[in-house]
Amino acid sequence: MPQPWQDTSLSAEDRAAALLSSMTLEEKLAQLAGVWPGSEVEEGEDVAPLQHEVSEAVDLDGLLSHGVGQLTRPFGTAPVEPAEGAAALARLQTRIAAGNRFGIPALAHEECLTGFFAWRATVFPTPLAWGASFDPALVGRAAELIGGSLRSAGIHQGLAPVLDVVRDARWGRTEESIGEDPYLVATIGTAYVRGLESAGIVATLKHFAGYSASRGGRNHAPVSIGPRELADVILPPFELAVRDGGARSVMHSYNDIDGVPSAANPWLLTELLRDTWGFTGTVVADYFGVSFLELAHRVAATRGDAAGLALAAGVDVELPAVRCFGTPLRDAVRAGEVDEALVDRAALRVLRQKCDLGLLDADWSPMPSALAEPAEAAESVESAGTPGLDLDPPGMRAVARELAEESVVLLADDGDVLPLAPDARIAVVGPLADDPAAMLGCYTFPRHVGVEHPELPLGIEVPTLFAALRAELPGARITHAEGCAAPGPGGPAGDPGAAASAGAAALTAESRLAQAARTAADADVCVAVLGDRSGLFGRGTSGEGCDAADLELPGDQGALLDTLVATGTPVVLVLFTGRPYALGRWSRLLAAAVQAFFPGEEGGPAVAGVLSGRVNPSGRLPVSVPYASGGQPWTYAQPPLGLRGDSSSIDPTPLFPFGHGLSYTSFAWERPEADAADLPTDGETTVRLTVRNTGDRAGTEVVQLYLHDPVARIARPVSRLIGYARVPLRPGESAEVHFTFHADLASYPLRADGTRVVEPGALELRLASSSADSDVQHTVPLTLTGPERTVDHRRRMVCEVRVK
């Protein structure tokens, strides 16, 4: 007869409570931390902050009798064949369940920011590319496939998405973020959450909150942010992902806000997240975040103090391994320094989630679907793979290709060179032109873990742009020169691109430039391929801990571009980056410019398709591209004093604004109509706009809706995004776009406690092709009437969009 906690006829809450009542303190604490098998034997560089300083040996045998709460990165710590990894995980889960008296398995989590974080798994475009797509539906589809892949291998929780709104692009983790606009981040991020959760994977929102607003764009730096900015910019993506996305986990951030570390902030993790927003899932620590209360923030004197602060604030699970929530917390509870009720509160949440995942069911099996029933699994979910546990099947690559193609942004085009002629003489120049690493962000297995294993093949096919262009244009004469060394520190021999770097190093800088100039001069067009090499903690030019002093192109790439444009050959700049870089010095010298944000394993063919014209570009900038590196805007959504003015000699106006992107066809926007120009402060109206493709190519227009509030009681952004729509059209075809605007979308945090109001008065809706005033196509004046309203987390946060 099953125990009460195994009875699926009972609610998860009752089952978890029944189990909790039978557990000792040690058994409850065991559920509140992870173990990280394999991390203690790694001899390479850290893959988590201060990993080697904080990590301790794992005594798994000593832990088993009390149980194990979580398993950390069973696939993402060291390379393993997928089927072998799934089988090893199943064996470990069997051992864990058999080792404790209740038969409780661990919850296994893995990174999934650009796909399943495992060797041989599909690498999707980085989140900044998701933002560039302006396509929540496609991002959600990718997430569903990623979730199916995770679940097929025995993983339960994915550590994604990152919902940090970019405030300073010098921050190394800009590539992991979706963009600089809170509405774009919220809608794209929530779509990813829905996709992951629909596959049965617990989505984990990170980093809660304020991480991206650090001083100077430095990783792990303090955050000085006002309560209104916090409420209006930083929090909405998390709020929407909890409320509408159904996220079941949240990860606290490393930073403090005005001196209070997030891991020790009860207002953030309990009062706001749970009491106000109604979140019922688990709060997990960012890796070593509980220990950092003692070691970095210095708000705790001991491990036990750190555990008590985090637990009281609302942290339920210490990751990646037990250091504070084990013996130090046990001793603090027994000494009366920490209330055991706080342990019970966290353990109940963890056990309830394990019930929801089926881990406490009487018929639970450690065998993942891909190994237990491979044929059925492969048929039920496109991404579940084959009986051999194929983590990079054609269906996954197809969606990765589609997302990569939609995310490529055509920044500039003089109309004379692109699309490239099929028989042209093309010089492909740059250190990233023939480097697979150009496509891959920091949170991909090859760049995060694979670089520490020089004997390891890449595991997936990642065509370079040089190779992809040769396949795309077989009739063209395509030559190649590196021009300069790859940006950033050189990698080990097994690092993708290291061989190219070594070859370039054999030449002097002058001879490399001279060779590049000769190659370009002998061509009809030069494609300059520049950008970032991602890495960790200073081992790259973009990525976690790879913050930038300024937004100049890294290394010698600026000098290379100067050399190429001086040849007189038309230059098409292609950027593979994790952040925007200042391009003003070349703004009048380039024939065209193309931006791709680490577009994943199919990024080479996607960009080649844009250059050839097979793909009509439809990406739009999720972050502004600055004119000069010292005057970069920290976001387009500035109040009047944040924009260009006579009181400062620095002009922050970007070269290319948020939302910008060109196409090979043209579009006409007819004058819009609104159902009502006057509406109450709790009302709504629908705005209709007809868009027509007036060119000779099929293409996709991205219609953006911005809100302008002429007068408010606090300084407000001159304009901010509140809706958008992708509109695919054949030549001559038209479509009608409907935006349903609710007055709640005009709310703003009036008071310092974050209380939001909708006030009566004049508003203006701006239908635009970017955030720049010059790209506003039409305006729709509105007037809100009636009393001022106070709104809360139940307000309308999304503008409903239909394309007919």
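- Look at Asp435 and Arg533 and you find a salt bridge, because one of the NZ, NE, NH1 or NH2 atoms lies within 4.0 Å of a carboxylate O, short of that distance.
- Atom-to-atom distance recorded for Thr204:OG1 and Leu113:CG is 11.5 Å, nearest 0.5 angstrom.
- Of all heavy-atom pairs spanning Met396 and Leu145, the tightest one is SD-CB, 3.5 Å.
- A salt bridge does not link Glu544 with Arg539: every distance from a Lys NZ or Arg NE/NH1/NH2 to an Asp or Glu carboxylate oxygen is 4.0 Å or more.
- Within the model, atoms CZ of Phe124 and CD1 of Ile146 stand 4.5 Å from one another, a figure rounded to the nearest 0.5 Å.
- Atom CZ of Arg470 and atom CG of Leu465 lie 12.5 Å apart (nearest 0.5 Å).
- Between the side chains of Asp532 and Thr541, at least one donor N or O sits under 3.5 Å from an acceptor N or O.
- From His156, atom NE2 reaches atom NE2 of His109 across 12.5 Å, with rounding to the nearest 0.5 Å.
- A donor-acceptor pair is defined here as one N or O able to donate and one able to accept, closer than 3.5 Å; such a pair exists between the side chain of Lys206 and the backbone of Leu159.
- A distance-only check finds a donor-acceptor pair linking the side chain of Thr122 to the backbone of Leu391 [under 3.5 Å].
- In this structure, Arg73 and Tyr287 have side chains that are in contact, with non-hydrogen atoms separated by less than 4.5 Å.
- In Arg730, the CZ atom is not crowded: 12 or fewer heavy atoms of neighbouring residues, nucleotides or ligands sit closer than 6.0 Å.
- At least one donor-acceptor pair closer than 3.5 Å links the side chain of Ser198 to the backbone N or O of Gly195.
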- Query: Under the side-chain hydrogen bond (donor to acceptor under 3.5 Å, both in side chains) criterion, do Asp164 and Ser177 qualify, and how do the steps go?
  - Reply: CA-CA 6 Å; Asp164 298 304; Ser177 308; 5.1 Å; no

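- Checked against Phe75 for a ring-ring contact (aromatic ring centres under 6.0 Å, His included), the options Phe116, Phe445, Trp119, Phe117 give a single hit: Phe116.
- Under the 4.5 Å side-chain criterion, counting only non-hydrogen atoms from C-beta, Leu705 is in contact with Leu767.
- Residues Pro622 and Phe597 come closest through the heavy atom pair CD-CE1, 3.7 Å.
- Looking at Arg397, its side chain does come within 3.5 Å of a backbone N or O of Glu461 through a donor-acceptor pair.
- Put simply, the side chain of Trp130 does not reach to within 4.5 Å of the side chain of Ser407, judged on heavy atoms.
- Judged by distance alone, the side chains of Arg173 and Tyr211 do bring a donor and an acceptor atom under 3.5 Å apart.
- The backbone N or O of Ala698 sits less than 3.5 Å from a side-chain atom of Asn616, completing a donor-acceptor pair.
- The closest side-chain donor-acceptor pair between Glu175 and Ser534, if any, does not fall under 3.5 angstrom.
- The two residues Gly200 and Leu357 come nearest to each other via the heavy atoms O-CD2, 3.8 Å.
- A donor atom on one side chain and an acceptor atom on the other are not found under 3.5 Å apart for Glu701 and Ser663.
- Distance check, rounded to the nearest 0.5 Å: CE of Met797 to CG of Leu240 gives 5.0 Å.
- Residues Glu176 and Thr126 form no side-chain contact, since every pair of their non-hydrogen atoms from C-beta on lies 4.5 Å or further apart.
- For the residue pair Gln70 and Gln157, a side-chain donor N or O sits within less than 3.5 Å of a side-chain acceptor on the partner.
- In this structure, the side chain of Arg243 does not engage the main chain of Ala241 through any donor-acceptor pair within 3.5 Å.
- A donor-acceptor pair under 3.5 Å is formed between the side chain of Ser249 and the backbone N or O of Thr282.
- Shortest non-hydrogen contact noted between Ala106 and Leu71 is CB-CG, 3.7 Å.
- Contact between Gly158 and Cys112 at its shortest, heavy atoms only, is CA-SG, 3.6 Å.
- Formation of a donor-acceptor pair under 3.5 Å by the Glu197 side chain with backbone atoms of Ala203 is found in this model.
- Between Leu621 and Leu411 the shortest side-chain heavy-atom distance falls below 4.5 Å.
- Side-chain atoms of Tyr724 and Thr187 include a donor-acceptor pair closer than 3.5 Å.
- Side-chain atoms of Glu180 come within 3.5 Å of backbone N or O of Ser624 as a donor-acceptor pair.
- Counting only N and O atoms by type, the side chains of Asp244 and Thr190 include no donor and acceptor under 3.5 Å apart.
- The two residues Ala169 and Thr174 make their nearest non-hydrogen contact at O-OG1, 3.4 Å.
- The backbone N or O of Gly76 lies less than 3.5 Å from a partner atom in the side chain of Glu110, making a donor-acceptor pair.
- Note that the CZ atom of Phe134 and the CG atom of Leu721 stand 6.0 Å from one another [nearest 0.5 Å].
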